[in-house]
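Structure first, commentary second.
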Amino acid sequence: MTTSSEKSFFDLHITGLGYLNRIREVKPKKGEPFLACDIAALNGPSNAPEYRRFDVRVSGSEAQHLVRRCEEAVKAERKVLIGFRLGDLWTDIFTYSKGKNAGQQGVSLKARLLFVSWIKIDGEMVYKAEPKTTDDAASEDAPAPSSASAAQDAPASEAAANDDADAPADAPALAESF
């Protein structure tokens with residue numbers, strides 16, 4: 001009889017779509033530097049969405065590559081909308097140091113950005129992830145956001161341009177072009 005020393009985990013994933021902001025390299029006093037960004041996730045009815053801000057650490061080489069490719073567009077204040085999957089959600093309590101809330105406590109939602117399913121810059125689809133094979137799908141717990149929900153949740157300007165129900169035939173080429 002053999003025993004398994006393999007660790008098991010309970011995963012909590014958040015899927016959605018939102019605007020990419022504040023892409024930056026974080027250099028902590030202790031530990032290794034890492035890539036981070038903010039995601040203003042859309043929530044609620046499509047005609048009056050609310051935003052939930054997530055401060056995320058970008059995990060995985062594919063997600064890091066895609067976020068770095070968006071850095072120039074974010075700095076140019078273009079609208080970068082992504083489909084995403086987050087994991088390991090936690091909260092961080094902090095005290096505002098300036099502004100109208102100076103001295104008051106606030107809460108920041110933190111997570112790890114695990115997967116980017118698609119990217120639109122100013123309403124134009126520039127990347128769409130390849131569909132999962134049956135082997136990959138069996139190992140994934142959470143599905144990527146559907147294009148139908150993306151069309152409902154995107155603001156009117158993006159919703160009009162949201163014809164991504166089928167991935168463009170040249171999606172890999174588009175990923176390298178932005």
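Just so it is clear, the values below take in all heavy atoms, side chains as well, and ignore hydrogens, waters and symmetry mates. Counting from 1, the numbers follow the sequence of the chain as shown.
For the pair C70 and V80, the tightest heavy-atom approach, listed with the atom from each and the gap, is SG-CG1, 4.0 Å. Here the closest non-hydrogen pair linking L109 and R53 is CB-O, 3.7 Å. Summarising the geometry of N21 relative to Y19, their closest heavy-atom pair is ND2-O, 3.4 Å, with the distance given to 0.1 Å. Closest non-hydrogen pair, F84 versus A41, comes out as CZ-CB, 3.8 Å. Residues V116 and I82 approach most closely at CG1-CB, 4.4 Å, considering heavy atoms. Across all non-hydrogen atoms, the minimal contact from M125 to W118 is SD-CB, 4.0 Å.
For R78 and D122, the salt-bridge test passes: some basic side-chain N is under 4.0 Å from an acidic carboxylate O. By the 4.0 Å N-to-carboxylate-O rule, R24 lies close enough to D55 to be salt-bridged with it. Salt-bridge annotation for E71 and K75: present, with a side-chain N of the basic residue lying under 4.0 Å from a carboxylate O of the acidic one. Salt-bridge check for R68 with E25: passed, with a basic side-chain N closer than 4.0 Å to an acidic carboxylate O. Using a cutoff of 4.0 Å between basic side-chain nitrogens and carboxylate oxygens, E50 and R52 are scored as salt-bridged.
The distance from the CG atom of L12 to the CG atom of L86 is 9.5 Å, given to the nearest 0.5 Å. A distance of 8.0 Å separates CG of L20 from CG of L113, quoted to the nearest 0.5 Å. Considering CD1 of I23 and CG of D38, their distance stands at 10.0 Å, rounded to 0.5 Å. Note that the CG atom of L81 and the NZ atom of K120 stand 7.0 Å from one another [nearest 0.5 Å]. Residue C37 holds its SG atom at 10.5 Å from CD of Q64, rounded to the nearest 0.5 Å. Residue I14 holds its CD1 atom at 4.5 Å from CZ of F54, rounded to the nearest 0.5 Å.
Note on Y51: it clusters hydrophobically with L17, by side-chain heavy-atom contacts below 4.5 Å among ILVMFWY residues.
Within a 6.0 Å sphere centred on CD of E32, other residues, nucleotides and ligands contribute 12 heavy atoms or fewer. Residue-environment remark: CD (Q104) exceeds the threshold of 12 foreign heavy atoms within 6.0 Å.
Looking at R57, K110, R112 one by one, the single match for salt bridge (Lys or Arg N to Asp or Glu O under 4.0 Å) with D88 turns out to be R112.
The shortest distance between side-chain heavy atoms of L66 and I119 falls below 4.5 Å. Side-chain contact between F34 and P28: present, with at least one pair of heavy atoms (C-beta onward) separated by less than 4.5 Å.
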